[in-house]
Structures are given as structure tokens and as C-alpha cells.
Amino acid sequence: MKGKKKNVFWWIGLLAGLILINIIAATLHSRFDLTEEKRYSLTPTTKEMVRNLSSDVVIDVFLKGDFPSGFRKLSNTTQEFLTVLKETNPGRIRYRFISPDEPAGNGKSWGDSLRSAGVEPINLTVQQTAGQENKYIFPYALVHGNGQTDVVNLFPSSKRNISVAELNSAEAMMEYGFAKSLDKLNNQKPRVIAYATGNGEPVGGEIYDLQQIVASQYAMRPFDLTVFPYIP
């Protein structure tokens with residue numbers, strides 16, 4: 001009898017121990033990034049920005065569907081990255097993956113709505129059992145926050161085939177793309193850039209392209225070094 005009781009208590013203790021371990025693991029959840037390129041980690045700057053978000057952020061990713069292997073890998077990498085992003089501030093960040101063929105609620109599909117907004121897909125020719133089929137892929141994410149929406153291009157190329165180098169480049173730039181978008185939505189007031197002149201720098205129409213490039217993110221102002229003796 002003593003042996004049976006001891007055996008029962010042993011199993012009860014084991015079960016209680018497993019339950020306790022699961023509770024502790026759920027409470028003290030953490031992730032260890034052992035990859036050489038730190039793919040599942042955020043830079044300190046991005047972490048700080050995400051933790052200090054002033055409003056809720058919803059991210060819609062349109063990499064859901066039957067894709068060639070390269071885009072499936074890009075979709076998986078995006079999901080892994082957004083999981084890390086959400087874990088950094090779970091109260092503020094939500095994300096979902098949407099098929100471009102799904103209805104957007106405005107009488108159009110998401111794909112049609114994206115086209116109307118100027119977001120163009122990549123046209124792929126996919127080999128099917130019955131023959132070839134054209135498939136439109138939208139490697140984009142819409143980031144919504146502070147009443148605004150910004151577009152993140154997850155694969156900035158119009159090529160129909162993804163090379164390993166291009167895929168690695170897209171994955172490497174993913175954090176930058178989302179961080180740039182979150183910073184833009186979180187800081188509505190444009191930052192000011194001073195363009196120093198007075199030492200023969202080009203002015204007028206020669207810097208028009210530069211002004212257009214920075215206009216979406218910054219307010220550029222001239223700063224004449226011949227007038228002001230020092231830069232404040």
C-alpha cells in the first residue's frame with residue numbers, strides 16, 4: 001500500500017510541477033535570438049520607439065495566399081518580425097494577414113482598393129496543373145495609426161522572380177521600413193532640416209529634386225552661412 005501511495009504522490013507532484021512550469025513560462029515569456037544576423041531582434045532605437053507609441057497601431061499585410069516559394073518565405077519572415085514587434089508593445093500593436101482577393105468592405109476587393117490608392121502589384125506567371133496562370137502579388141503592408149495610414153513596401157522590386165540576394169535584402173530592410181513608418185505616424189509634426197549655403201552650394205532649381213525627396217518627411221529651410229556667424 002505504501003508503495004502505491006508513494007507512486008500516486010510522485011505522479012501528482014510531477015503533474016503539479018509541470019503546471020507550475022507552464023504558468024511561469026507564460027508569465028515570464030522571453031525570446032532568445034541565436035541567429036548571426038539577429039533577425040528576431042529589434043535595434044534599441046526601434047524598441048524604444050515602439051514602447052513609446054502614443055496611439056494604437058494596426059498593421060495589414062497582404063502576403064496571404066498561394067504564392068511561389070520566395071514570396072512564401074517573405075510572408076513567413078514578415079510574420080516572425082511582426083510577432084517580435086507586437087511582443088515589444090502588445091497593448092499598442094495588432095497585425096493581420098489579408099488576401100488581396102478578400103472584400104475590403106467598400107464594394108471592392110483589397111487588391112482593387114490598393115490599386116486605387118496607387119499601390120501596384122507584381123504580376124507573376126505561375127505554372128498550374130491546367131497550365132499557366134497570372135497571379136498578382138501585393139508585397140505591401142498598410143500601417144494605421146493616429147488617424148493616418150502609411151504604406152510599407154516589403155519587396156521593392158518589380159521582378160517576377162525573387163533571387164536569394166534580393167530576398168535577403170528585403171528581409172534586412174524590413175525593420176527599417178516599419179520603423180520609418182511608425183516614426184512618421186507617431187510624430188505628426190515635420191522635422192526641420194537646414195540646408196547650408198554660402199560656400200558655393202547649389203541653390204534654386206538645382207536642388208529641386210532634393211527638396212522633393214525630403215518634403216514628405218522634413219521641412220527644408222535655407223541657412224546662409226554668410227549671414228549667420230554660427231550654426232545654432
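Numbers for residues simply follow the sequence, beginning at 1. Everything numeric in this text was worked out from a predicted model, so none of it was measured.
Each of Tyr140 and Leu74 belongs to its own hydrophobic cluster when Ile, Leu, Val, Met, Phe, Trp and Tyr are linked at side-chain heavy-atom distances under 4.5 angstrom. Taking hydrophobic clusters as Ile, Leu, Val, Met, Phe, Trp and Tyr residues chained together by side-chain heavy-atom distances below 4.5 Å, Leu82 does not share a cluster with Tyr176. Under the 4.5 Å side-chain contact rule for hydrophobic residues, Val61 and Ile122 share a cluster. Phe62 and Val119 fall within the same hydrophobic cluster, defined by Ile, Leu, Val, Met, Phe, Trp and Tyr side-chain heavy atoms under 4.5 Å apart, directly or through other members.
With ring centers used as reference points, Phe71 lies under 6.0 Å from Phe155. Between Phe178 and Phe81, the distance from one ring center to the other falls under 6.0 angstrom.
Thr226 is not listed as a side-chain neighbour of Thr197, based on a closest heavy-atom distance of 4.5 Å or more. Here the side chains of Leu182 and Met49 are in contact, with some heavy-atom distance below 4.5 Å. At least one side-chain heavy atom of Leu185 sits less than 4.5 Å from a side-chain heavy atom of Val143. Counting heavy atoms from C-beta on, the side chains of Leu154 and Val152 come closer than 4.5 Å.
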Can His144 and Val57 be said to form a side chain to side chain contact (heavy atoms under 4.5 Å, CB included), step by step?
CA-CA 6 Å; His144 312 276; Val57 172; over 6 Å; no

Test Tyr195 against Phe223 for ring-ring contact (aromatic ring centres under 6.0 Å, His included), laying out the working first.
CA-CA 6 Å; Tyr195 179 72; Phe223 188 87; over 10 Å; no

Would you please test Val84 and Glu80 for side chain to side chain contact (heavy atoms under 4.5 Å, CB included) and show each step?
CA-CA 7 Å; Val84 176; Glu80 290 165 353; 6.0 Å; no

Working note: Val192 + Arg221, criterion side chain to side chain contact (heavy atoms under 4.5 Å, CB included); need CA distance, chi angles, decisive distance, verdict.
CA-CA 7 Å; Val192 178; Arg221 302 284 186 266; 3.8 Å; yes

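Across Pro121 and Tyr136, no two heavy atoms sit closer than the pair CG-CD2, 3.7 Å. Contact detail for Arg115 and Glu120: the closest heavy-atom pair is O-OE2, 4.3 Å. Asp224 and Gly198 get closest at one heavy-atom pair: OD1-CA, 4.0 Å.
Applying the side chain to side chain donor-acceptor pair (under 3.5 Å) test to Lys108 and every residue at least two apart in sequence or in another chain returns Ser116. Residues satisfying the side-chain contact (heavy atoms from CB on, under 4.5 Å) test with Gln79, not counting sequence neighbours, are Thr83, Tyr95, Phe97.
Residues Asp183 and Lys180 are not paired through a salt bridge, judged by the lack of any N-O separation under 4.0 Å between the basic side chain and the carboxylate.
A donor-acceptor pair under 3.5 Å links the side-chain atoms of Ser75 to the main chain of Leu63, judged by distance alone. Glu171 contributes no side-chain N or O that, together with a main-chain N or O of Ser169, makes up a donor-acceptor pair within less than 3.5 Å. Of the possible donor and acceptor atoms, none in the side chain of Ser181 sits under 3.5 Å from a partner among the backbone N and O of Gly177. Formation of a donor-acceptor pair under 3.5 Å by the Asp150 side chain with backbone atoms of Lys184 is not found in this model. With hydrogens and angles disregarded, a donor-acceptor distance shorter than 3.5 Å links the side chain of Lys86 to the backbone of Ile93. Asn186 contributes no side-chain N or O that, together with a main-chain N or O of Leu53, makes up a donor-acceptor pair within less than 3.5 Å.
Annotation: the span from Ile137 atom CD1 to Asn123 atom CG amounts to 9.5 Å, rounded to 0.5 Å. Taking CE of Met220 as the start and CD1 of Ile213 as the end, the distance is 10.0 Å to the nearest 0.5 Å. Distance CG/Leu142 to CG/Leu114: 5.5 Å, rounded to 0.5 Å. Rounding to the nearest 0.5 Å places CE of Met174 at 10.5 Å from CG of Asn153.
Judged purely by distance below 3.5 Å, without hydrogens or angles, the side chains of Thr46 and Glu175 pair a donor atom with an acceptor atom. Ser109 and Asp101 are not linked by any side-chain donor-acceptor pair at a separation below 3.5 angstrom, with hydrogens and angles left out of the test.
Every pair passing salt bridge (charged side-chain N to carboxylate O under 4.0 Å, His left out) that includes a residue from residues 41-61 is listed here, sequence neighbours excluded: Asp56-Arg92, Asp60-Arg96.
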